[in-house]
**Student:** 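The structure follows.
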Amino acid sequence: MKTGVVFLILIFSLAACNQSDNTSDAYGNFESVPIYVSPDVSGRILFLKLEEGEKLDSGQLVAIIDTMPYHLNLMEIKAKQASVYSKLENMDAQAAIFKDQKESLMVELNRAQKLYESGAATTQQLDDLNGKLNVLNSQIKSISVQKQSILSEAAVLDQNMLLVRDKLDRCFIKNRMNGIVLEKYAEPFEIAVTAKPIYKIANLNTLELRVYVSGSILPDIKLGDQVKVFVDKDTKTNRELTGTVSWISSEAEFTPKIIQTKEERVKLVYAVKVRVKNDGSLKIGMPGEVVF
């Protein structure tokens, strides 16, 4: 009789334990959206000031790429600009000479026209003067065309100057966001390459708990809902936090591979993200539970 009573007590105790262990609606891990910071120009890293776990502010200078190649390029462009502007000055000087000659020729042509009308000048004299005028007009037009070509060359150099100055500015790598350095991929005096990150950073002030819920409770979950989030406090108790549903998957997927039983693996679930304000105790990858 006593054995039966003990057996029943054990059954009820196990049932109570199972019920308490399954009060949460979903389980998952905390994650953040990391930013991989890569240089926009290639070159040797002359300065790099950051360490893993360090807090960085947005706009903070963290690295400097060797600027010498771009300074030399800048000097070359400036020399070409000086040459182009010198050509423009010569063109303007030639154009001024031709215009002065044209004005003098016009005075002489007008006088010859009057002499011709009075019979004191010949047709040949007028033709010669008109011929000289046509030559001067052609020379002035040629100068104008050449000047436009040189101005186009100067515009290209100005654009190249802006591009090089932009690359010079990009040699000074500034942090893109407030956050914590998660990983560091480069060291001073190594060669930085564009599109290859030198560090990874994430804002840990708010983390997202990605959990998976079954279709049966999905209709009760809405964006913006306030939910209870539980994280391990110690081996026996949990700590309660408040979270907000920030994202709900529109497509079903198989239960994550961490579920080992065959019955659970074949079920379809929906991913849900719950945004939780971090008081400093939450870490990426930490497990959590949600009650909707």
Side-chain angles (χ1 to χ4, degrees), residues 24-40 45 48-63 170 172-187 190 192-214 217-218 221-235 237-259 268-292:
S24 297
D25 296 320
Y27 305 84
N29 298 88
F30 285 97
E31 59 183 31
S32 180
V33 180
I35 301 297
Y36 293 84
V37 180
S38 305
D40 295 325
I45 302 174
L48 182 64
K49 186 179 180 182
L50 58 88
E51 296 296 336
E52 294 182 356
E54 180 181 357
K55 182 179 179 181
L56 299 180
D57 297 326
S58 177
Q60 180 177 340
L61 180 66
V62 294
R170 294 177 186 273
F172 298 86
I173 302 175
K174 296 181 180 180
N175 185 48
R176 315 283 173 84
M177 59 180 290
N178 296 326
I180 304 296
V181 178
L182 302 181
E183 294 183 35
K184 178 182 177 183
Y185 305 117
E187 295 294 338
E190 291 183 350
V193 181
T194 57
K196 181 181 178 182
I198 58 176
Y199 69 98
K200 179 171 70 172
I201 188 172
N203 189 337
L204 303 185
N205 292 332
T206 301
L207 295 183
E208 288 184 331
L209 177 62
R210 178 190 285 266
V211 297
Y212 296 87
V213 300
S214 63
I217 65 173
L218 187 66
I221 304 173
K222 296 180 178 61
L223 291 175
D225 283 351
Q226 297 291 312
V227 298
K228 294 181 179 180
V229 177
F230 295 94
V231 294
D232 295 335
K233 183 177 182 180
D234 49 44
T235 57
T237 59
N238 293 330
R239 186 162 58 93
E240 181 179 335
L241 302 170
T242 301
T244 304
V245 177
S246 59
W247 176 79
I248 302 173
S249 175
S250 60
E251 296 181 358
E253 55 188 282
F254 285 102
T255 303
K257 61 183 180 180
I258 57 174
I259 304 299
L268 290 176
V269 296
Y270 292 83
V272 175
K273 290 183 180 180
V274 177
R275 187 176 290 118
V276 182
K277 187 175 181 180
N278 189 5
D279 59 0
S281 63
L282 301 180
K283 303 294 186 293
I284 296 176
M286 178 183 292
E289 307 174 13
V290 177
V291 175
F292 295 103

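Values in this document were obtained by computation on a predicted structure and should not be read as measured data.
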**Student:** Test side-chain hydrogen bond (donor to acceptor under 3.5 Å, both in side chains) on T244 and Q226 and set out the steps.
**Tutor:** CA-CA 5 Å; T244 304; Q226 297 291 312; 3.0 Å; yes

**Student:** Taking all heavy atoms of P34 and all of A202, pick out the closest pair and write down the distance.
**Tutor:** CA-CB, 4.0 Å

**Student:** If every non-hydrogen atom of K277 is compared with every non-hydrogen atom of L282, which pair is closest and at what distance?
**Tutor:** O-CD1, 4.2 Å

**Student:** Please determine whether the number of non-hydrogen atoms from other residues, nucleotides or ligands lying under 6.0 Å from atom NZ of K184 exceeds 12.
**Tutor:** yes

**Student:** Within a strict 4.5 Å, meaning less than it, do heavy atoms of the E31 and K273 side chains meet?
**Tutor:** yes

**Student:** Do you know which two heavy atoms are closest between D225 and K222, and how far apart they sit?
**Tutor:** OD2-N, 2.8 Å

**Student:** Mind checking the CD1-CD1 spacing from I198 to I45? Nearest 0.5 Å is all I need.
**Tutor:** 5.5 Å

**Student:** Any donor-acceptor pair under 3.5 Å linking the side chain of N278 with the backbone of L207?
**Tutor:** no

**Student:** Would a 4.5 Å heavy-atom cut-off, applied to side chains only, mark R275 and W247 as touching?
**Tutor:** no

**Student:** Taking atom CG of L56 and atom CG of N178, what is their separation to the nearest 0.5 Å?
**Tutor:** 9.0 Å

**Student:** Report yes or no: does D40 contribute a side-chain atom to a donor-acceptor pair with the main-chain N or O of R170 at less than 3.5 Å?
**Tutor:** no

**Student:** Going by the rule side chain to side chain donor-acceptor pair (under 3.5 Å), which residues pair with E251 if we only count those two or more places apart in sequence or in a different chain?
**Tutor:** none

**Student:** Check the surroundings of atom NZ in K228: do more than 12 heavy atoms from other residues, nucleotides or ligands lie under 6.0 Å from it?
**Tutor:** no

**Student:** Please report the interatomic distance CD1(I35) to CZ(R176), rounded to the nearest 0.5 Å.
**Tutor:** 9.0 Å

**Student:** For a 4.5 angstrom cut-off between non-hydrogen side-chain atoms, does Y199 reach L48?
**Tutor:** no

**Student:** About how many Å separate CD1 of I284 and CZ of F30, when rounded to the nearest 0.5 Å?
**Tutor:** 11.5 Å

**Student:** Within the structure provided, determine whether N29 and P287 are in side-chain contact (heavy-atom separation under 4.5 Å).
**Tutor:** yes

**Student:** If I take atom OH from residue Y185 and atom NZ from residue K200, how far apart are they, to the nearest 0.5 angstrom?
**Tutor:** 4.0 Å

**Student:** Looking only at heavy atoms, what is the nearest atom pair of D279 and R239, with distance?
**Tutor:** OD2-NH1, 3.1 Å

**Student:** Quick one: NZ on K55 to CD1 on I201, what's the gap to the nearest 0.5 Å?
**Tutor:** 10.5 Å

**Student:** Which residues pass the side-chain contact (heavy atoms from CB on, under 4.5 Å) test with L218, sequence neighbours left out?
**Tutor:** V213, I248, Y270

**Student:** Which heavy-atom pair separates F230 from S24 by the least distance, and what is that distance?
**Tutor:** CD1-OG, 4.5 Å

**Student:** I want to check something: taking the side chain as every heavy atom from C-beta on, are N238 and K233 in contact at a cut-off of under 4.5 Å?
**Tutor:** no

**Student:** Please report the shortest heavy-atom distance between I173 and P39, naming the atom on each side.
**Tutor:** CD1-CB, 3.7 Å

